[in-house]
Amino acid sequence: MARNSLQDLKSVKFYQALACEFIGTFLLVLVACGSCGRFVVTETEVRTNSTNIVTSKLIPNDLVQISLCFGLSVATIVWSIAHVSGGHINPAVSIAFFVTRKISFIRFILYAAVQTAGAIVGAYILKALTPTGVNDSLGSTLLGSGVSKAGGLFVELFITFVLVFTVFATCDSNRQGFAGSGPLAIGLSIAMCHLWAIPYTGSGMNPARALGSHVASETIKDHPYVWIYWIGPLIGGMIAGLLYDLAFAANAGSSKFAGFFTADYEDENYDSTGQKSLEANLTGIRLKDSV
């Protein structure tokens, strides 16, 4: 992994990927968290004395609208930048790729850093664009009435598990016979989980997105449970990534599982039967002979 980290730091494409992760998370917070506000409805009442009374009231956006906006935002952003950075836009996704040895340690750390920075900048831009009283919390993730800290932690863990499991299934190049849009499938998993989890936790699923809204809206001072939106998603992401990659991937098998704990493990070296390919074995033999 140290060698891979060094290779990343020397690559121009790596810095392009960092820029994409920043922009992607920035757009996610700006657009999706923007949907969490309330919109103004103006009503005109006509009196018999020919006077008109104009009143305005704020109507909260509904659960379906918010869920669809988050799901479609992620699908659109992932489709746009996946070829450059993988389209993680979420530290929970990045840590899953790290623990399954698909990305280097430095890539995970810097991805998480720029994702968090992008979320905070996006939240501040949203704050500047939003009239007072329309979306003051900027979509901050809060525990629902009666939801315990343990319950909120489990909900965040579970919904992020669903997201990351879907991401890994979408990225499984060895799967056969599954056409369609991978980014859309990922977006639909987010919309699905939001439809369930918003009343419980606000449906964070993304530590960077949650922190960005809390920092810009200053709700972090009144809600000390922001750690739930980091620990839950990070653990859920790691569990989902490891479980899918080692047990349910098209090339999962005992040989791959055993190889995972070796220094020269590479996922692409295992074929659809879960066995290490002949070419990979020969490469390993040559490396040993050259030492």
Side-chain angles (χ1 to χ4, degrees), residues 21-22 24-37 61 63 66-67 69-71 73-74 77-78 88-96 108-109 111-127 130 135-145 147-164 167 186-187 189-240:
E21 288 297 310
F22 177 91
T25 318
F26 164 83
L27 292 174
L28 170 64
V29 171
L30 179 63
V31 176
C33 290
S35 73
C36 299
N61 288 347
L63 186 68
I66 295 171
S67 300
C69 190
F70 269 92
S73 294
V74 170
I77 294 166
V78 170
H88 295 189
I89 60 173
N90 185 338
V93 174
S94 296
I95 200 172
F108 160 60
I109 292 297
Y111 266 28
V114 298
Q115 288 158 2
T116 302
I120 292 174
V121 172
Y124 272 109
I125 296 296
L126 176 61
K127 183 177 182 178
T130 305
N135 189 6
D136 292 340
S137 69
L138 306 177
S140 294
T141 48
L142 306 173
L143 294 180
S145 178
V147 178
S148 66
K149 288 181 284 185
L153 182 69
F154 177 79
V155 170
E156 286 296 311
L157 185 155
F158 180 76
I159 59 179
T160 312
F161 176 95
V162 173
L163 164 62
V164 175
V167 169
I186 294 168
S189 75
I190 290 175
M192 175 187 77
C193 289
H194 273 66
L195 285 167
W196 172 60
I198 285 178
Y200 291 83
T201 65
S203 194
M205 303 180 75
N206 184 331
R209 161 265 190 276
L211 185 63
S213 296
H214 277 290
V215 169
S217 67
E218 300 182 359
T219 53
I220 195 170
K221 297 182 294 185
D222 303 317
H223 301 281
Y225 306 134
V226 178
W227 57 268
I228 289 174
Y229 299 97
W230 277 85
I231 295 177
L234 291 178
I235 293 176
M238 287 189 288
I239 293 173

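Side-chain contact between L126 and C33 is present, with heavy atoms from C-beta onward closer than 4.5 Å. Residues C69 and V31 are in side-chain contact: their nearest non-hydrogen atoms beyond the backbone lie under 4.5 Å apart. The shortest side-chain heavy-atom distance between S67 and W196 does not fall under the 4.5 Å cut-off. Contact of the S140 side chain with the H214 side chain is registered, since non-hydrogen atoms from C-beta on lie closer than 4.5 Å. Between T201 and T141 there is no side-chain heavy-atom pair separated by less than 4.5 Å. Contact annotation: the side chain of P91 approaches that of N206 to within less than 4.5 Å [non-hydrogen atoms, C-beta and beyond]. Residues Y111 and V93 form no side-chain contact, since every pair of their non-hydrogen atoms from C-beta on lies 4.5 Å or further apart. V74 is not listed as a side-chain neighbour of L163, based on a closest heavy-atom distance of 4.5 Å or more.
When every heavy atom of Y200 is checked against every heavy atom of V147, the shortest pair comes out as O-CG2, 3.6 Å. Summarising the geometry of G237 relative to V164, their closest heavy-atom pair is O-CG1, 3.5 Å, with the distance given to 0.1 Å. Nearest heavy-atom pair, N90 versus P207, reported as atom, atom and distance to 0.1 Å: OD1-CD, 3.3 Å. The shortest heavy-atom contact between E21 and V114 is CB-CG2, 3.8 Å. In terms of heavy-atom proximity, K149 sits nearest to I228 at O-CD1, 3.7 Å. Looking at every heavy atom in both residues, Y229 comes nearest to G204 through CD2-CA, 4.3 Å.
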I235 vs F161, side-chain contact (heavy atoms from CB on, under 4.5 Å): CA-CA, chis, key distance, verdict:
CA-CA 8 Å; I235 293 176; F161 176 95; over 6 Å; no

Under the criterion side-chain contact (heavy atoms from CB on, under 4.5 Å), I'd like the reasoning laid out for F70 against C36: C-alpha separation, chi angles, the key distance, then a yes or no.
CA-CA 10 Å; F70 269 92; C36 299; 3.9 Å; yes

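Interatomic distance, CD1 of I77 versus OG1 of T25, reported as 7.5 Å (0.5 Å rounding). Note: I198 CD1 to I159 CD1 = 9.0 Å, rounded to the nearest 0.5 Å. The CZ atom of F158 sits 10.0 Å away from the CE atom of M205 when rounded to the nearest 0.5 Å. Note: D136 CG to L138 CG = 7.5 Å, rounded to the nearest 0.5 Å. Atom OH of Y124 sits about 11.5 Å away from atom OG of S213, to the nearest 0.5 Å. The distance from the CD1 atom of I109 to the CD1 atom of I95 is 8.0 Å, given to the nearest 0.5 Å.
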